[in-house]
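What follows is a set of notes on a single structure, which appears directly below.
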Protein chains: 2
Amino acid sequence: MIIQLDLESDIPIYTQLVNQIIEGIATGQLEPGEQLPSVRSLAADLGINLHTVNKAYTHLKQEGFLQIHRQRGALIQPHRMPQADASFKDRLQSEVRPLAAEAICRGMDEEAFLEACRAAFLSIHYNKGGTTS
Amino acid sequence: MIIQLDLESDIPIYTQLVNQIIEGIATGQLEPGEQLPSVRSLAADLGINLHTVNKAYTHLKQEGFLQIHRQRGALIQPHRMPQADASFKDRLQSEVRPLAAEAICRGMDEEAFLEACRAAFLSIHYNKGGTTS
DNA sequence: TCACTGTTATACTACAAATATAACAAATAC
DNA sequence: GTATTTGTTATATTTGTAGTATAACAGTGA
């Protein structure tokens, strides 16, 4: 799986890493049980520090997306992915809400807004089963 | 309009301010041409520094949601709100995308995800014409 | 034993958020 | 004109996070 970092972005590097790994799982490019590079090798590949990678891995582990074992390294959660529980839905609400508010100010109606959300959803979902390139 | 700040949140204070003012415009609690408190008085009311308020106002001014005049202070854009141009739609996409990816990982299908987005949209839009309390 | 894994610890730089003062410039009220 | 209030600008300080740089520790498997 190819990871693209934007070092000029205002989004922290470890957050970009977290997002892209989650996207990889969502698209199926990363399959349950699949091995991830060690923090050292991925850091070297990306030209960043191992602690930055470790921060991303640790975050994903706490969220339940990764399992981490010594020597074996990190692997995508093989058994059950985290569920869309109430906590996640709350977070989803609180993050979508400001976007919806600004969309309304800018004159988008419900249909236009939902179409944009749908496009974002499908841009990921439709890649399922895609090549690992 | 009542503004609620969470000083424990990881969201910067000035961002919370920006979001709530945009929400106020979206719901109609803040009407075009309406006067906003001066940076000093609002800062005093909220118990924060005037520069924090000023940062929020300046941001909203650059986005086109506010007009700022000396002595008259800040007021909600009276003529034309910013539009949902390509730039905004791009930003909307790039912010919804990571949320959609995580939702997919957590087993939400398109319908469930869109329903959540719809709920966020309606939670704001349905307040239109609400009291200024 | 050796090499590789994640983990922890420490130190440092850089930057953003927030505060605290202070002063400046324009517009209004008197 | 004078005073007041407005946003604006400028410094400085504190605090916390991001990221890097080393280094060492602790399991695990060959």
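This structure is a prediction, so every number in the text was calculated from the model and none was measured. A note on names: the letters A, B, ... follow the listed sequences, proteins ahead of strands, and every chain is numbered from 1.
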Reckon A:Y14 has a side-chain N or O less than 4.0 Å from the OP1 or OP2 of D:dA18? yes
How close or far is atom P of C:dA16 from atom CG of B:N49, stated in whole angstroms? 18 Å
How close or far is atom C1' of D:dC25 from atom CZ of A:R70, stated in whole angstroms? 9 Å
Would you please confirm or rule out a distance under 4.0 Å between OP1 or OP2 of D:dG7 and any side-chain N or O of B:Y57? no
Test B:L30 against every option in B:L66, B:L75, B:I25 by the side chain to side chain contact (heavy atoms under 4.5 Å, CB included) rule and name the one that passes. B:I25
Would you say B:V39 ends up clustered with B:I48 if hydrophobic residues are merged whenever their side chains have heavy atoms under 4.5 Å apart, either directly or through other cluster members? yes
Looking at the side chain of A:V39, which of D:dT8, C:dG6, D:dG19 is the nearest nucleotide? C:dG6
When you measure from the side-chain N and O atoms of A:K55 to the phosphate of C:dG6, is any distance below 4.0 Å, counting only OP1 and OP2? no
Sequence neighbours excluded, the answer for ring-ring contact (aromatic ring centres under 6.0 Å, His included) partners of B:Y57 is none
Round to a whole Å and report the spacing from CZ of A:R72 to P of C:dA3. 23 Å
Using atom CD of B:Q67 as one end and atom P of D:dT8 as the other, report the distance to the nearest whole Å. 12 Å
In whole Å, I'd like the distance from the CG atom of B:L42 to the P atom of D:dT6. 12 Å
Integer-rounded Å distance: D:dA10 P and B:L50 CG: 15 Å
For atom CG of A:N54 and atom P of D:dG19, their distance in whole Å: 13 Å
Can you work out whether A:I11 or B:K61 has the more 5'-proximal nearest nucleotide on DNA chain D? B:K61
Heavy-atom neighbours of A:R72 CZ exceed 12 at 6.0 Å: no
Between C:dA17 (P) and B:D6 (CG): distance, integer Å: 17 Å
Can a side chain N or O of B:S38 be found less than 4.0 Å away from OP1 or OP2 on D:dT5? no
Of the candidate nucleotides D:dT5, D:dT8, C:dA18, which contains the atom at the shortest distance from the side chain of B:I68? D:dT8
Select base, sugar-phosphate, or nothing to describe what B:R40 touches, counting heavy atoms under 4.0 Å on all strands. base
Atom pair CD1/CG of A:I13 and A:N49 - distance to nearest 0.5 Å: 9.5 Å
Side chain of A:H51, base of C:dT8: donor and acceptor closer than 3.5 Å? yes
Give a yes/no answer on whether the side chain of A:T52 brings an N or O atom under 4.0 Å of OP1 or OP2 in D:dT20. yes
